[in-house]
Asker: 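What follows is a single structure, and I will ask about it in a moment.
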Amino acid sequence: MAQKKYLQAKLTQFLREDRIQLWKPPYTDENKKVGLALKDLAKKYSDKLECCENEVEKIIEEIRCKAIERGTGNENYRTTGIATIEVFLPPRLKKDRKNLLETRLHITGRELRSKIAETFGFQENYIKIVINKKQLQLGKTLEEQGVAHNVKAMVLELKQSEEDVRKNFQLEEEEQNEAELKEKQIQRTKRGLEILAKRAAETVVDPDMTPYLDIANQTGRSIRIPPSERKALMLAMGYHEKGRAFLKRKEYGIALPCLLDADTYFCECCRELLDTVDNYAVLQLDIVWCYFCLEQLECLDDAEKKLNLAQKCFKNCYGENHQRLVHIKGNCGKEKVLFLRLYLLQGIRNYHSGNDVEACEYLNKARQLFKELYIDPSKVDNLLQLGFTAQEARLGLRACDGNVDHAATHITNRREILFSNPQMWWLNDSNPETDNRQESPSQENIDQLVYMGFDALVAEAALRVFRGNVQLAAQTLAHNGGSLPLELPLSPEASLSPPATSPSDSAGTSSASADEDMETEAVNEILEDIPEHEEDYLDSTLEDEEIIIAEYLSYVENRKSATKKN
């Protein structure tokens, strides 16, 4: 598929340079059928590209047919007002992935979704439509959402299945249930983020007590956000974190709407803020990566713009050649992961655009960075045996150029900072009633801490604070003489004694409690995806990147080999 996109881009470039109009004679006759001159054109370009003449002829014919369809659609739109939308279907539908759909623009998004579902065989409630890098709003008309003639629409499925699954009723029912769960999850995400953003906008937030509502520049200093922008920023960051969580699980169809929503809310913030922190740059990379993983990169018309924006933002944040980053952190090893993905995506985009020289340059830069960032698994194992996590090991080794001893010291120093400020680990809702509804720690974990010499009640409270993480609970208690610091928002007494309610109170407030429970569930689901490590976005095994770099470099090398042979 990548090679075909490359040939399409090169042939389109040749046709433009030679000012060839395929929809006119001698390439198209009066009946819009292919003319004999197209074969001569295919021969000329196949010689130029050193590739199969039949393949070139086939692609030129596809370009010709598309040009005729576009011309017919344009004429139809001028005379009838009926617009044509190019629909990009999910990758699993290998046949005719690009399809044209005619529609009037005064219909609602819901009507368009229904038409797409009926035309291409989807169940209406289990698809989402992305147009102009935004999720289609069902209640507004297409005109109100800026949908125009010849626009591209991408279909995202909330269920992924093979065609033969439809023949089995039981499996069909299971996948419908799965899609419903995903849709509910998306709605809970929106509700949870709205609650958090509302709290941030209406109250004075202490960033030490609510780190998930904090944003810092590259010095680590918190940036104070004007109240007018605080809600938009909270929503942007929340949607980004949720989208990244879905990306990690490779649920790209759900991740993309979250990332696009994050982009929308970030754009409501001032330009100065977006240039000060790297969050917005990372989001641009995540969006382009998501389109690529969905095999729909061609739907993202501004992929080059997003990648250039990310590169510019990184330069503003980190300095030329990363010197500001090195001055502040002492190294830039972890941040190089971002540049590896940036160069890889720039290489892919250039290859798909037929720019093989630029593609080769970027892909080789990505390969060189991969060699620098590759981590010997035995070194990770050494750090795991010292009690560190795999994520800490990867980040520490990259920060210390692969030196195990230096990485161990680096991780330990970071932990000392965290144990001095344990509220940084507290990522739960600050409402005491919410805290009391947390799931009780397992008796096995409590016994582990008791065996280490800690009081059982304090052990249980610590496990509640650190969400059952025995290692963090033990190290924090040890660091603080066997007790929890007073600045933690959850004390042992609060955690062990839920507020008493009388039967009459309970009966009178059952509806309110149910609403509170739903809000708590929505908020907790957001907070569960907030990573404990503040550099989680810099952590990657690079397994996917390694495969993709090799794949695209092989395409480039094959092109070079074919040229040399000829």
Side-chain angles (χ1 to χ4, degrees), residues 62 65-167 172-173 175-184 186-187 190 252-261 264 290-291 294-301:
E62 289 179 4
C65 290
K66 187 173 180 179
I68 291 173
E69 287 175 349
R70 192 177 186 88
T72 302
N74 290 341
E75 180 63 28
N76 189 41
Y77 179 64
R78 283 193 295 268
T79 57
T80 68
I82 298 177
T84 300
I85 293 178
E86 188 173 11
V87 181
F88 289 74
L89 304 178
R92 71 176 183 83
L93 300 175
K94 299 298 183 183
K95 297 180 180 178
D96 301 323
R97 283 185 53 207
K98 289 188 289 188
N99 298 270
L100 300 179
L101 184 74
E102 293 185 342
T103 182
R104 294 194 178 275
L105 299 178
H106 59 72
I107 68 170
T108 64
R110 180 173 283 101
E111 290 173 306
L112 177 63
R113 184 184 69 169
S114 178
K115 181 177 288 191
I116 288 175
E118 181 181 355
T119 303
F120 302 110
F122 297 106
Q123 295 190 43
E124 182 177 344
N125 293 331
Y126 303 148
I127 59 172
K128 289 188 178 296
I129 313 298
V130 173
I131 298 179
N132 294 333
K133 300 177 291 297
K134 293 181 180 179
Q135 189 176 162
L136 187 68
Q137 298 182 50
L138 302 182
K140 293 185 177 181
T141 68
L142 303 186
E143 290 173 324
E144 290 174 326
Q145 300 181 66
V147 178
H149 174 57
N150 282 333
V151 78
K152 295 177 180 178
M154 183 170 68
V155 180
L156 299 175
E157 279 187 298
L158 295 183
K159 58 178 183 178
Q160 300 292 333
S161 62
E162 299 297 333
E163 287 299 319
D164 58 350
V165 171
R166 298 181 181 277
K167 301 175 183 177
E172 175 76 9
E173 187 175 33
E175 79 173 10
Q176 287 181 15
N177 291 338
E178 179 185 356
E180 289 171 358
L181 287 174
K182 288 182 178 179
E183 177 60 29
K184 289 178 181 178
I186 291 171
Q187 295 306 317
K190 291 184 177 181
Y252 305 114
I254 306 179
L256 184 58
C258 291
L259 297 175
L260 294 177
D261 284 341
T264 299
C290 199
Y291 271 94
L294 285 165
E295 299 180 26
Q296 302 283 19
L297 196 54
E298 57 200 300
C299 285
L300 190 61
D301 294 329

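Only a predicted model underlies this, so the values are computations on that prediction, with no experimental measurement involved.
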Asker: Take Glu124 and Glu118 through the test side chain to side chain contact (heavy atoms under 4.5 Å, CB included) and record every step on the way to the result.
Answerer: CA-CA 8 Å; Glu124 182 177 344; Glu118 181 181 355; over 6 Å; no
Asker: How far apart are the closest heavy atoms of Arg113 and Asn125, and which atoms are they?
Answerer: NH2-OD1, 3.4 Å
Asker: Rounded to the nearest 0.5 Å, what separation is found between the CD1 atom of Ile107 and the CD atom of Glu143?
Answerer: 10.0 Å
Asker: Hey, what do you get for CG (Leu259) to CG (Asp261), rounding to the nearest 0.5 Å?
Answerer: 9.0 Å
Asker: Within the structure provided, determine whether Phe120 and Asn99 are in side-chain contact (heavy-atom separation under 4.5 Å).
Answerer: yes
Asker: Is there a side chain to side chain contact (heavy atoms under 4.5 Å, CB included) between Leu136 and Lys128 once you walk through the steps?
Answerer: CA-CA 7 Å; Leu136 187 68; Lys128 289 188 178 296; over 6 Å; no
Asker: Can you tell me how far CD of Gln137 sits from CD of Glu144, rounded to the nearest 0.5 angstrom?
Answerer: 9.0 Å
Asker: So, taking the atom named OG1 in Thr141 and the one named CG in Leu105, what distance separates them when rounded to the nearest 0.5 Å?
Answerer: 8.5 Å
Asker: Hey, what do you get for CG (Asp301) to CG (Asn132), rounding to the nearest 0.5 Å?
Answerer: 8.0 Å
Asker: Do Phe122 and Pro90 come within less than 4.5 Å of each other through their side chains, counting heavy atoms only?
Answerer: yes
Asker: Which residue is it: Ile116, Leu100, Ile129, Val147? I am looking for the one with a side-chain contact (heavy atoms from CB on, under 4.5 Å) to Ile85.
Answerer: Val147
Asker: Might you point out which heavy atoms bring Ile127 and Glu157 nearest each other, and give the distance in Å?
Answerer: CG2-CG, 4.4 Å
Asker: So, do Tyr291 and Lys133 sit near enough that their side-chain heavy atoms are less than 4.5 Å apart?
Answerer: yes
Asker: Would you confirm whether Thr72, through its side chain, and Ile68, through its main-chain N or O, come within 3.5 Å as a donor-acceptor pair?
Answerer: yes
Asker: Measuring from atom CG of Leu89 to atom CG of Leu156, what distance do you get when rounded to the nearest 0.5 angstrom?
Answerer: 11.0 Å
Asker: Side chain of Glu111, backbone of Thr108: donor and acceptor closer than 3.5 Å?
Answerer: yes
Asker: Do Gln296 and Leu300 come close enough that some side-chain heavy atom pair is under 4.5 Å?
Answerer: no
Asker: How about CD on Glu75, more than 12 heavy atoms from neighbouring residues, nucleotides or ligands closer than 6.0 Å, or not?
Answerer: yes
Asker: Please check this pair: side chain of Lys134 against backbone of Thr264, looking for a donor-acceptor N/O pair closer than 3.5 Å.
Answerer: no
Asker: List the steps, then state whether side chain to side chain contact (heavy atoms under 4.5 Å, CB included) holds for Leu260 with Gln135.
Answerer: CA-CA 8 Å; Leu260 294 177; Gln135 189 176 162; 5.9 Å; no
Asker: Kindly give the heavy-atom pair with the smallest separation between Lys152 and Cys299, and that separation in Å.
Answerer: CD-CA, 4.3 Å
Asker: Measure across Lys115 and Glu102 and return the closest heavy-atom pair with its distance rounded to 0.1 Å.
Answerer: NZ-O, 3.5 Å
Asker: Looking only at heavy atoms, what is the nearest atom pair of Arg104 and Leu142, with distance?
Answerer: O-CD1, 3.8 Å
Asker: Quick one: are Phe88 and Leu294 in side-chain contact, heavy atoms under 4.5 Å?
Answerer: no
